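Because only heavy atoms are used, hydrogens play no part in the values below, and waters and symmetry mates are left out as well, while side chains stay in. Computed from a predicted model, the values in this text were never measured in an experiment. By convention in this document, chain letters (A, B, ...) are assigned in the order of the sequence lines, proteins followed by strands, and residues within each chain are numbered from 1.
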Amino acid sequence: MLEVLADFVEELRAASIPISPTQVVDAARALSCLPLEDRSAVKYGLGAVLVSSEDHWEVFDTVFEVYFSAGRDISSLPGEEKQEESSSRSTRIRSALAQLRGTPPTSFSAYQEMTQKEIDDLLAMAVATGDGPLMTALVNIVVTRYAAIEKGRPVGGRYYFYRTLRSLDMDRIKLALSYASMNDDMDEHDPLTKLLREREVESRLDLLKDEIAKEIRRRLVADRGPKAVARSIRRPLPEEVDFMNASSTEMTALRRALYPLTRKLAAKLAAKRRHRHSGSLDFRSTIRHSLSDGGVPVDLKFRHPHPAKPELFVIADVSGSVASFARFTLQLLYALSAQFSRVRSFVFVDGIDEITEVLEKADDVAEAIVMVNKEADVVFMDGHSDYGNALSMFWERWGGEMNARTSVLILGDARSNYHPPRVHILKAVRARTKHVYWFNPEPCSYWDAGDSVLSSYAPFCDGVYECRNLRQLTKAIEAIGA
Amino acid sequence: MRSSEIDASTIPNERAVEPAEWLPLDLFSSPSKLKEGLAKVGYLADDRIASTVFLAARLGKPILVEGPAGVGKTELAKATARLIGRKLIRLQCYEGLDESKALYEWNYKKQLLRIEVAKLDRTNNGEKDGGDTVAPSSWHELEDDIFSENFLLERPLMAAIRALEPVVLLIDEIDRVELETEALLLEVLSDYQISVPELGTINAKTIPLVFLTSNNSRELSEALKRRCLYLHIDYPDHEREEQIIAVNVPGISERLSKQVAKVVGLLRSMDLKKAPSVSETIDWARTLVLLSIESVNAEIAKDSLHVLLKYRSDIDKVAKRLQSDDSFVA
């Protein structure tokens, strides 16, 4: 048991979840008092000890599934599947099959000769009625038939997963599901009913997919052992996902993480602003309060400070070279404008346009992105980023609106396609404003390589930060907020 | 300042009683038992909650509860206190909370009075004895006196530590205090003791069951997180929400509670500024019952959205989704 725990912790650390030795000791103590036969209790118990942030939970969950696979007794790991379990499965399938065909199956192993269609129908039935055991049993068969797992091949199982899904008639299952959920006596033409049903079907299908992925993982673990499997399915934590090459699901996760992040940042910055200076001594209030202490001024009272709210100008590159970062940038801009009172947002490629109003009008990020793409006039010549031109247009049109309280934040890779960088403009901007910061989504080692001209801009920035992932971004924003 | 040996001897330094020893064994024999128990006092826990509370009780560690507003973080502590029939001591955190509000404070006014009285005594005595020979030693006596427990004002943390009977301690919205103030709690949470310079170290007689809640408005320090078990409470799934509605809204039909849970689940899956919380769900269910509505449709949902959603833009967005199909038909 302890050995499994040690391997488990090692894998979690390899997935860069921070776990201290004290936590490991606590985990061992936890195992000694948790009921080991209750799998979910063990999972949540270990989770409570080892995970200290919800962002890490998903990674923990996956690794736990790999190391403590379901359907097995945790104390006898790794073990073979129990005989009675598999026989109870086959009875369950046979009775369901009998229900479907109308006649009981002839031979004991009739379910092995089930047709593709029958499997789909049974799956739909299991999913629709939420019949867990039947679904597990069916998924077991489906994976055996279609995944065609090759022993010893060092893969993470995505391939087997899609092969299995392809062989199933998903549309048929979907249709059967939406019929099954129609039995409610709700109004069929009501848009709410429709929305509800769509969601119901989606979530049930997700359940099925989940089950299949789990079964495949279980077999991989049985084949190659937990260590190898965990290594091949290891994924970065949300805060470490690189903006430049994030997949669409990772992007969704990032977006979800972004909102609380901006909220946290806003709270932190506001607190810092408030506490930096306390106001002057409030003599009257001090004397008033000293009355309760017999005239001794024990508590000094100060006036509330009124620090000026800083104005933030954010200028973001949305050109092709930073396409995926640009998408993220827009989301960041959107989140920022909801949190900070005075943010003005600009986007550029080789021309520049202000999008502050667009972001205010939009109901959500997706809409904002669509509107920006449609309305913002960012292409001046050829649609290749030209920092020099964008900067000079910015200076011409909005230069007069900046003042000593303004901070300017530039988001981009400084790849100007060999156009002149027109550094003097940034110098002028720097001279007029309070701060100029530069966030670059490229790794440090790429800076100034090729057409990147960051180092010519850098002398006129108060800080240049590498922002490849959420963690770096948080650090950078905290640094400039100080 | 002064030696703490004398005072330490007045405070018995025995080993504190761990939660595992004082908690009722039958309720804490397994996570599933605990879940049943909590359900009986009106708190429907899921497996994760039950397992974490169980473990916290066994290991004697505080629980840090995080999650969106209105999912029952504070209620968990209250329900646990109800379940085991112990007193709940609550420390509500806010920005600017300091040790005089969290730990203890010297009762300055009472001390002043005491000094005044001592002055009076001395002048009286001085007249009688005809000399001020008593003065130097009386200052020590006086100091001992005014920095004794009689002049100590207990604040929640001190009260929880010194309680003779074990208690449940709730430190609510810990994320509201500044990072520096968090450090105040560390001594209490790891060693269950409080150091008072004038009195020495005060040790817990019984170790309380501690809950800390956070709305995650800022990152808590690693030091604090390390001392706690971590529990994230999310919005409940359909079935649990249905049960929660059924428990909290008397007279609701099973069908309606099912629908309410489904609609709220749908809203939460949309990208909203503020997703409806459990308490808002219950409010909505109550509203529907009061309006004696049997079944929810788009029209009704649209009209009562303001109970569930608190932002204009969110309401507009959902309303748009709810009628988009009609416009296609028309």
Top contributor to chain A contacts, counting heavy-atom pairs under 4.5 Å, from B:E222, B:H232, B:R48: B:R48

Engaged part of B:L231 at the chain A interface, taking heavy atoms whose separation is under 4.5 Å: neither

Region of B:N215 in contact with chain A, defined by heavy-atom distances below 4.5 Å: backbone

Separation of A:R29 CZ from B:R58 CZ (nearest 0.5 Å): 11.5 Å

Close side-chain approach of B:D46 to A:Y44, heavy-atom, < 4.5 Å: no

Flag if over 12 foreign heavy atoms under 6.0 Å of CD, A:E58: no

Options A:G45, A:S53, A:S20, ranked by heavy-atom pairs under 4.5 Å with chain B, top entry: A:S53

Which portion of B:F54 sits near chain A, non-hydrogen atoms under 4.5 angstrom: side chain

Chain B-proximal positions within residues 21-28 of chain A [heavy-atom distance under 4.5 Å]: A:T22, A:D26

Largest heavy-atom contact set with chain B, pairs under 4.5 Å, which of A:S203, A:S40, A:G47: A:S40

More than 12 heavy atoms from other groups under 6.0 Å of CZ on B:R176: no

Qualifying residues under salt bridge (Lys or Arg N to Asp or Glu O under 4.0 Å), relative to B:E66, sequence neighbours excluded: none

Option in B:L229, B:L266, B:I49 with maximal non-hydrogen atom pairs under 4.5 Å from chain A: B:L266

Heavy-atom closest contact (B:L59 atom, A:A30 atom, distance): CD2-N, 4.2 Å

Lys/Arg-Asp/Glu bridge criterion (N-O < 4.0 Å) met for B:K258, A:E200: no

NZ/B:K109: more than 12 non-hydrogen atoms of other groups inside 6.0 Å: no

CG on A:L196 to CD on B:Q259, rounded to 0.5 Å: 8.0 Å

B:K110 atom NZ, over 12 foreign heavy atoms within 6.0 Å: yes

A:S52 OG to B:R226 CZ distance, which is reported to the nearest 0.5 Å: 10.5 Å

A:R288 atom CZ, neighbour heavy-atom count above 12 within 6.0 Å: no

Non-hydrogen atoms of B:S51 and A:A41 that approach each other most closely: OG-CA, 3.2 Å

Within 6.0 Å of NZ in B:K33, more than 12 heavy atoms from elsewhere: no

Heavy-atom contact with chain A under 4.5 Å, split by part of B:L112: side chain

Any donor-acceptor N/O pair, B:Y230 side chain to A:E54 backbone, under 3.5 Å: yes

pair B:L55-A:C33: side-chain heavy atoms closer than 4.5 Å: yes

